[in-house]
Amino acid sequence: MEMKDAVKALAAIAHESRLTVFRLLVQAGPAGLAAGQLAEKTGIAPSSLSFHLKELVHAGLLQSRQEGRFVIYEARFESMADLLAYLTDNCCGGAPCAVLPQVACTPAPADAGRADPL
C-alpha cells in the first residue's frame with residue numbers, strides 16, 4: 001500500500017458515521033448488508049448514508065454488488081489487512097514485537113451460519 005492510499009482510507013474512516021458503517025460491515029462478513037439494513041441499524045438517514053457509503057467505496061474499504069433490487073455493501077477485508085500492514089510496517093524497528101499480534105482476517109464463507117451483527 002502506498003501512503004496516498006493509506007491517507008485516503010484513514011480519512012474515510014475518520015468520521016463517526018463512516019466508522020460505524022465500516023465496523024458493522026466487518027462484523028457482517030462477506031455476506032454484507034443492504035443499504036436499507038445499514039440505515040436501519042445505524043439510524044443514519046438514507047441520503048446521508050449514501051454519501052458515506054460512496055466515500056468508503058472510493059477509499060477502497062467497501063465494495064457493493066446488486067442483488068435483485070437491493071445494493072449490498074461489504075467490507076473489503078484485503079484492503080483492511082493492507083492498511084493494517086502498512087500502519088505496522090517495521091514495527092519495533094524490525095525486531096520481533098511482542099506488543100502487536102499478527103493480524104490476519106479471513107472471513108468465513110457467507111453461509112457459515114453467523115449471528116446477526118447487531
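Quick note: numbers below take in every heavy atom, side chains included, and nothing from hydrogens, waters or symmetry partners. Quick caveat, the model's predicted, so the values are computed rather than measured.
- For E67, the salt bridge (Lys or Arg N to Asp or Glu O under 4.0 Å) partners are R65, not counting sequence neighbours.
- Scanning both residues, L61 and F22, for their nearest heavy atoms gives O-CE1, 3.6 Å.
- One distance of note links CD of E55 with CZ of R18; it measures 5.5 Å at 0.5 Å rounding.
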- Item | Steps toward side chain to side chain contact (heavy atoms under 4.5 Å, CB included) verdict (L53, L38) | CA-CA 10 Å; L53 290 168; L38 286 167; 3.9 Å; yes
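- If you take CG on L56 and CG on L19, they are separated by 9.0 Å, rounding to the nearest 0.5 Å.
- Of all heavy-atom pairs between A35 and Y73, the closest is CB-CE1, 4.0 Å.
- The minimum heavy-atom distance between A59 and A9, with the atom names listed, is CB-CA, 4.0 Å.
- Between the side chain of S50 and the backbone N or O of P46 there is no donor-acceptor pair closer than 3.5 Å.
- More than 12 non-hydrogen atoms from other residues, nucleotides or ligands lie less than 6.0 angstrom from CD of E78.
- Clustering ILVMFWY residues whenever any of their side-chain heavy atoms sit less than 4.5 angstrom apart, transitively, puts V57 in a cluster other than the one holding I72.
- Rounding to the nearest 0.5 Å places CG of L49 at 13.0 Å from NZ of K41.
- Heavy atoms only, all atoms of each residue included: H58 and K8 are closest at O-CD, 3.7 Å.
- In this structure, M1 and Y86 approach most closely via the heavy-atom pair O-CD1, 3.4 Å.
- Atoms CG and CD1, on L83 and I13 in that order, are 6.0 Å from each other to the nearest 0.5 Å.
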- Task: For the pair L87 and L10, evaluate side chain to side chain contact (heavy atoms under 4.5 Å, CB included) and give the outcome as yes or no after the intermediate values.
- Result: CA-CA 10 Å; L87 292 172; L10 291 168; 4.2 Å; yes
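- Although no hydrogens or angles enter the test, the distance criterion places a donor-acceptor pair under 3.5 Å between the side chain of Q66 and the main chain of G68.
- Atom CZ of R76 sits about 13.5 Å away from atom CG of L25, to the nearest 0.5 Å.
- The shortest distance between side-chain heavy atoms of T20 and I44 does not fall below 4.5 Å.
- Rounding to the nearest 0.5 Å places CG of D89 at 12.5 Å from CG of L84.
- When every heavy atom of S64 is checked against every heavy atom of V71, the shortest pair comes out as CB-CG1, 3.9 Å.
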